[in-house]
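Letters A, B, ... are given to chains in the order of the sequence lines, protein chains preceding strands, and every chain is numbered from 1. Quick caveat, the model's predicted, so the values are computed rather than measured.
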Amino acid sequence: MSTRKLISSTSKKSIHFHKIPPTILNSLNWADNNQTQSSNPSLTPKNPSILATNLIKSYCESGQINEARTLFDEMPERDVVAWTAMIAGYTSFHYHTHAWRLFAEMAGTAAVDPNEYTVSTVLKACRSMKSLLYGTLVHGLAVKRGLEGSLYVDNALMDMYATCCDCMEKAWMVFKGIKVKNDVSWTTLITGYTHIGDGYGGLRVFRHMILEEVKLNPYSFSIAVRACASTGWLVFGKLMHAAVTKHGFGSNIPVTNSILDMYCRCGCLSEANQYFHEMSEKDLITWNTLIAGYERSDSSESLNIFSRMESEGFSPNSFTFSSIIAACANLAVLRCGQQVHGGIVHKGLDRDLALANSLIDMYAKCGNISDSQKIFSDMWHRDLVTWTSMMIGFGSHGYGKEAVHLFDEMVWSGIRPDRIVFIAVLSACSHAGLVDEGLRYFETMVGKYNIKPNQEIYGCVVDLLGRAGRVNEAYRLIQSMPFKADETVWGALLAACKAHRLVDLGKLAARRVLDLRPNMMGAYVMLSNIYAAEGKYKEFAKIRRTMRRMGNKKETGKSWIEVKNQVYSFVVGDKMGSHTEHVYVVLDLLNGNMKEAGYVPDLDCLVHDPEG
DNA sequence: ATAGGGTTAG
């Protein structure tokens, strides 16, 4: 399609083009670009390249990226501005790899040199691709061309380093090198700290910013409130809330949204709820923030808020769905999850990576591992979270070998594992009895990937050894830990001792657990069982008295099941209305199956149950 | 003529 035809065929669709008089469109004639005839010379640009660049921008703004590219390709001479406009068009579309490729083409073959506009634009693409390599390459190029010193370039460099490498050192270096910093420099630095979860670091910078008397704007406040949220300290958050009001930003939506988020993250849901109702203006992010906040602690309420949101005329986006799917996963409500999945497909969001990841997790937690697997195998792009979610799904369904296989496949596909994916593979090995494989992964994690084990990792390895009966090895591992084991690590050892009837070590483990977490009921149960098995009834009775005293404070464990769009929840000894009979019929059936399969129930925990 | 910072997953 020729440029002229392209413009006339698309000009009707775009609002931007209505403002351009047709005489100018006609003058866009590459052949005689210096002698354009027009009845109105003041409207004719000297260089049609300027007009074409403006058109590229207009096409991009109206969503016609391919038309913009066609026009770009047809330009006989392209200057830096045209290249930059096209690269910026791609980044605004989140086509970061396209942006990078075009930049590489420009730097490699074209006879034009990138300027500060180009560099700051392409750095944004590097940041979004999380490519430290590309970002560093651009940094080198910027230094060579003397573009360091442009605030736009320096700020973009900080932003790139802060998001591409997990340390803030390089961002700090750039920040320190800026002679006259502006408000963007400061907020970018704070964002970097909150991004790596260092809220205190962010608040330190914010304080520094105030001391330097930098003018505070809504951006600086919303990010500072976010830093408070990261620390989880309500005191900071309330101080910041007051400061926001004092500076007159109390009705700026992004700022109020981050205050709402802060209350949620500090665990103050009733404050969050109250603040939500006080907000004079709400947008989709406001609703998403509240839904995400409730998802973490009261998933069923987050589903209620979701339906209220829809009835108030807001349409969910991928963030909304992400929280709602997580809520369905927490509640293990399959039907509901399936309906939300339908909504996602309906909206055309099923290609969204984050949503696909949360769907894998949801189906697995609802017991439907085959649907998780189907989503996983249909995906054409997978990230670390995708693989981890699938492995956790396999592991929790007892498919250890599949999880292990997936781990190897993931590494083979070029994804670098992190600590969480090791937790997934180690617990899968542990449940499937793949002890030596698990130990090998533990070694690889430390040796090859240089990931330092934390409490959770040690807990997994202790569990791995303990389940397989290698309890003394597990104990030696705990003793060799470079820091004090917490209650989860000792708890894993205690469970192993109980399963393999190791009385002395079990007592030790139970004592350690109870030193750290005095109200951990499971540890009391196991300890009392150990005493009873030894015939030490005096100690046994003492433990049971303690348990009874604490039992009043302990919340009753609740279970629930979803049957035909209805959730039934029940507690120990529940009569469950008219359904009791059905439940016992099924239970008898299961008991029969278990006996046939040769399973001998562990009666220890029944005989000595404190309520029994 | 071309460039900037604020809400979200395992």
Asks: Is the shortest distance from a Lys or Arg side-chain nitrogen in A:E61 or A:K57 to a carboxylate oxygen in the other one below 4.0 Å?
Replies: yes
Asks: So does A:S322 reach the base of B:dA9 with its side chain, donor to acceptor, closer than 3.5 Å?
Replies: no
Asks: Looking at residues at least two apart in the chain, or sitting in another chain, which of them share a ring-ring contact (aromatic ring centres under 6.0 Å, His included) with A:Y294?
Replies: none
Asks: Which part of the nucleic acid does A:S389 contact within heavy-atom distance under 4.0 Å: base, sugar-phosphate only, or nothing?
Replies: sugar-phosphate
Asks: Please classify the nucleic acid contact of A:D283 as base, sugar-phosphate, or nothing, using heavy-atom distances under 4.0 Å.
Replies: nothing
Asks: Taking CZ from A:F422 and P from B:dG10, how many angstroms apart are they, rounded to a whole number?
Replies: 20 Å
Asks: What is the distance, rounded to the nearest whole Å, between atom CH2 of A:W83 and atom P of B:dA1?
Replies: 22 Å
Asks: Select base, sugar-phosphate, or nothing to describe what A:N155 touches, counting heavy atoms under 4.0 Å on all strands.
Replies: base
Asks: How long is the gap from CG on A:L426 to OH on A:Y441, to the nearest 0.5 Å?
Replies: 9.5 Å
Asks: Just checking A:N182: base, sugar-phosphate only, or nothing, at a heavy-atom cut-off of under 4.0 Å?
Replies: base
Asks: Taking atom P of B:dT2 as reference, at what distance in whole Å does atom CG of A:L123 sit?
Replies: 19 Å
Asks: Could you check how far CZ of A:F321 sits from P of B:dA9, rounded to whole Å?
Replies: 16 Å
Asks: Would you mind reading off the distance between A:N330 atom CG and B:dA9 atom P, rounded to a whole angstrom?
Replies: 12 Å
Asks: Can you tell me whether the side chain of A:T388 and the base of B:dG10 have a donor-acceptor pair closer than 3.5 Å?
Replies: yes
Asks: Nearest to the side chain of A:V255, heavy atoms from C-beta on, is which of B:dG10, B:dG6, B:dA1?
Replies: B:dG6
Asks: Can you tell me the distance, in whole Å, between the CZ atom of A:R78 and the C1' atom of B:dA1?
Replies: 17 Å
Asks: Is the phosphate of B:dG4 approached by A:K124 (side-chain N or O, under 4.0 Å from OP1 or OP2)?
Replies: yes
Asks: With a 4.5 Å limit on heavy-atom distance, are the side chains of A:S318 and A:K347 in contact?
Replies: no
Asks: Using a cut-off of 4.0 Å on non-hydrogen atoms, how would the nucleic acid contact of A:R296 be classed: base, sugar-phosphate, or nothing?
Replies: sugar-phosphate
Asks: It should be established whether A:K57 places a side-chain nitrogen or oxygen under 4.0 Å from OP1 or OP2 of nucleotide B:dA1.
Replies: no
Asks: On the side chain of A:D418, is there an atom forming a donor-acceptor pair with the base of B:dG10 - under 3.5 Å, no angle test?
Replies: yes
Asks: Rounded to the nearest angstrom, tell me the gap between atom CG in A:L151 and atom C1' in B:dG5.
Replies: 12 Å
Asks: Distance check needed: B:dT2 C1' versus A:D113 CG, whole Å only.
Replies: 15 Å
Asks: Classify the nucleic acid contact of A:T53 as base, sugar-phosphate or nothing, counting any heavy atom under 4.0 Å across all strands shown.
Replies: base
Asks: Please confirm whether the backbone N or O of A:I423 pairs with a side-chain atom of A:S427, one donor and one acceptor, at under 3.5 Å?
Replies: yes
